Amino acid sequence: MSDFKLNVRNINDIHVVDIKGYLDAHTAPDLESAFSKLLDDKKFKIVVNCKNLNYISSAGLGVFMMFIEEVRKNSGDIKLSNLTPKVYNVFDLLGFPLLYDITQEETDAVKKFGA
Amino acid sequence: MARLSPSSSQGDRQQTDRFDLSALFEFSNIVNASLDLNFILGHFLLTIMGKILSTRGIILLKKEEEKFAVKTTKGIHTELLNTEIVCKKIPQRIVYVQREDARKYPWLKLFREQGISVLIPLLVRERIFGIAGFSPLQKIKKLGQKEETYIKSLANIAATAIEKSLIIEEVKQVNRRLDGKVQELNTLFEMSKEFNAALDAERLLKLLSFSLLGQVGTSRYFVCLKKERAMQVVLSRLQKELSPLCLEAISTIQQPTLIESLTKKPYKVFCSMLKDAGVQVLVPLKIQNEVKGILGVGERMRGGEYTQTDLEFLSSLGNLAMISLENARLFRDAIEKQKMEDELLIAREIQKGLLPSVLPAIPHYDIAATNISSKQVGGDYYDVIRLSETKVLVAIGDVSGKGTPASLLMANLQAAIHALVPLGLTLPELSARVNDLIFENTTSDKFITFFLAIIDSETKSLMYVNAGHNPPYILHKDGTLERLDKGGIIFGVMKTMMPYEQGTAQLNEGEALILFTDGVSEAMSKEGEELGEPKLEEVIKANATEPAEKILNEIVAAVQQHSTGTTQYDDITMVVVRGI
């Protein structure tokens, strides 16, 4: 029933999460469990490709915040790429560009992991 | 080529004027085309510095009344940037620093120190909103009139452009603040929608976590709720746990509060514990003005202090969550209550099953019985057991209290009676055995009032024992009422010390025996009055010639009429036996 889809693929040891649709309080648990699983499997190099993300609410942003500390503690990172201007605006309003590495293209984010 | 020498020829002068004019025009185009304040300020400084051959330039803009801050510098240490000074009584003309009175204008000190000798006020509609300062290479006492005019023109053009860019900057900031507000409202809207749909506390707290992380941008938070009297932590992402004493102390806070401001007793001692745990703000969660919980949040990962607006947002979010948590609790309670009611219903069904479904028939007597249970499970009991072709045992009892304990005891009594009756004991023996059994199996605050009788259709008489029960009536042919009150102590209070006394009575044709419980005689009216035995006797007498069923129905009708408008509190139980 939710208009949110995600898919995880990997480029070497980097895991790219493609997210699509609406990320809000309703669909946030889906992304939460995806991140949980990555962390359980000790995958700490994560790129979230937001190319097809149409909408994000603050609850959606909450999911990113939930894991960033643990990921960085394990010398990893959650990097974001391909944000649409509308989605970027929400990130920007809530001060996320200060906390997260946000790149134009997925390849830039992957490169920053030194791959 | 422009030269500023007194020997310039007329042609040179005209050329200079043209040059100045086109330079002004170009300057105006450039600064008006830009909305970038720093660019405009920089370009203005550089243009004048070039014109009057100055090595240093500085611009201060008004922050508030009489207070100016350094915005741009050229050839001066950038550490001066954003320095604020108070400038009073700024003249609306070009100021030559060396020629002014240091006592009259103390603020000139800053400019002297930086070697600035010429100040140009920036005016819009004759109001000074900035000052530009320069240091011409040549130690000039005063610029020529032409140069002053030229510089003033530049300053006027710049001032308008600066003002425009300041307004646009402000609009941008207002817009951003508005966007931020809209985002906050979106979050509140989303959360209130989601909170309302969530009926379990776990999901509610998860949603609250999401918005604290996402909207507020903190990764440290906790929620505790009042359970009975103590505060119980239901959600926590703190560095350290808070002590129960600390939770109790902060539960008296009435307004959203920054930890820093907790400087008074009784909070002060817990300040360092809260800080160690990473808490920066405490928000009381209220329902109808009563603190029912606390939300605590820590520092924001993107930095920045919590403002009053932030506290208001936290308060709104927290209270929304609190109301939904309360609703979830009420919902859970309602479900549990429903479950309990369902169980009670089952208990009542079981209990009904213990009462005789079909009344045995004996010659010469007509028997009717009823049990109308109240909402709760009660402990009323009646029985009619056929002993032989000509004998029947009738019994009625009322177990003290209500609910499941009473119904269990009633079931016990029923079992005891059914087990003992076939043994052919006398009524006093039977009563003593049942009393001992009940006494041994219950605490002394549980008791049963009981009446049992054996009716013999051959002798048209009955033997009975009354163990503290409302005395049944026999309505005799002559219209008199006999009350059957011989017997002994109620069941279950003490072991049988004295044998139960057995009473006897006649029950001839046309006479009726009426057994009832206090649900009948003590039925309450809306005004709180009991039906009373006189009224009961009246109804019995009025129906003296009627069959058992009719007498019973008339009494029930009288009880129900008396209790109109009230909830039936007690079971209504009756047995009527009439000689025919």
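Only this structure's heavy atoms are used, side chains among them; waters, hydrogens and symmetry mates stay out. Given the structure is predicted, the values throughout are model-derived calculations rather than measurements. Numbers restart at 1 for each chain; the letters A, B, ... are given by sequence-line order, proteins then strands.
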Problem set entry | Proximal component of A:Asp92, with respect to chain B [non-hydrogen, under 4.5 Å] | both
For this session: Please answer whether the main-chain N or O of A:Leu93 pairs with a side-chain N or O of B:Gln183 as donor and acceptor at a distance below 3.5 Å.
Result: no
Problem set entry | From CG (B:Asn186) to CG (A:Asp24), nearest 0.5 Å | 11.5 Å
Problem set entry | Heavy-atom closest pair, residues B:Arg203 and A:Ala25 | NH2-O, 4.0 Å
Exercise. Looking only at heavy atoms, what is the nearest atom pair of A:Ile68 and B:Met301, with distance?
Worked result: CG2-CE, 3.6 Å
Exercise. Just wondering, are more than 12 heavy atoms of other shown residues or ligands nearer than 6.0 Å to NZ in A:Lys79?
Worked result: yes
Problem set entry | More than 12 heavy atoms of other groups within 6.0 Å of A:Glu69 CD | yes
Exercise. Which atoms of B:Lys206 come close to chain A, meaning under 4.5 Å heavy atom to heavy atom: side chain ones, backbone ones, both, or neither?
Worked result: side chain
For this session: Please say whether more than 12 non-hydrogen atoms of neighbouring residues, nucleotides or ligands are located less than 6.0 Å from NZ in B:Lys62.
Result: yes
Problem set entry | Closest approach of A:Ala28 to B:Phe210 (non-hydrogen atoms, all atoms of both residues) | CB-CE1, 3.6 Å
Problem set entry | From B:Arg300 atom CZ to A:Met65 atom CE, the distance as rounded to the nearest 0.5 Å | 10.5 Å
For this session: Decide if atom CD of B:Glu202 counts as having more than 12 heavy atoms of other residues, nucleotides or ligands within a radius under 6.0 Å.
Result: no
Exercise. Given that the side chain runs from C-beta out, which part of B:Arg237 has a heavy atom under 4.5 Å from chain A: side chain, backbone, both or neither?
Worked result: side chain
For this session: Verify the neighbour count for atom OH of A:Tyr55: are there more than 12 heavy atoms of other residues, nucleotides or ligands below 6.0 Å?
Result: yes
Problem set entry | Over 12 foreign heavy atoms within 6.0 Å of CD, B:Glu305 | no
Problem set entry | 4.5 Å side-chain heavy-atom contact, A:Leu94 and B:Arg302 | yes
Problem set entry | Region of A:Pro97 in contact with chain B, defined by heavy-atom distances below 4.5 Å | neither
Problem set entry | Nearest heavy atoms of B:Thr187 and A:Ser58, plus distance in Å | OG1-OG, 2.7 Å
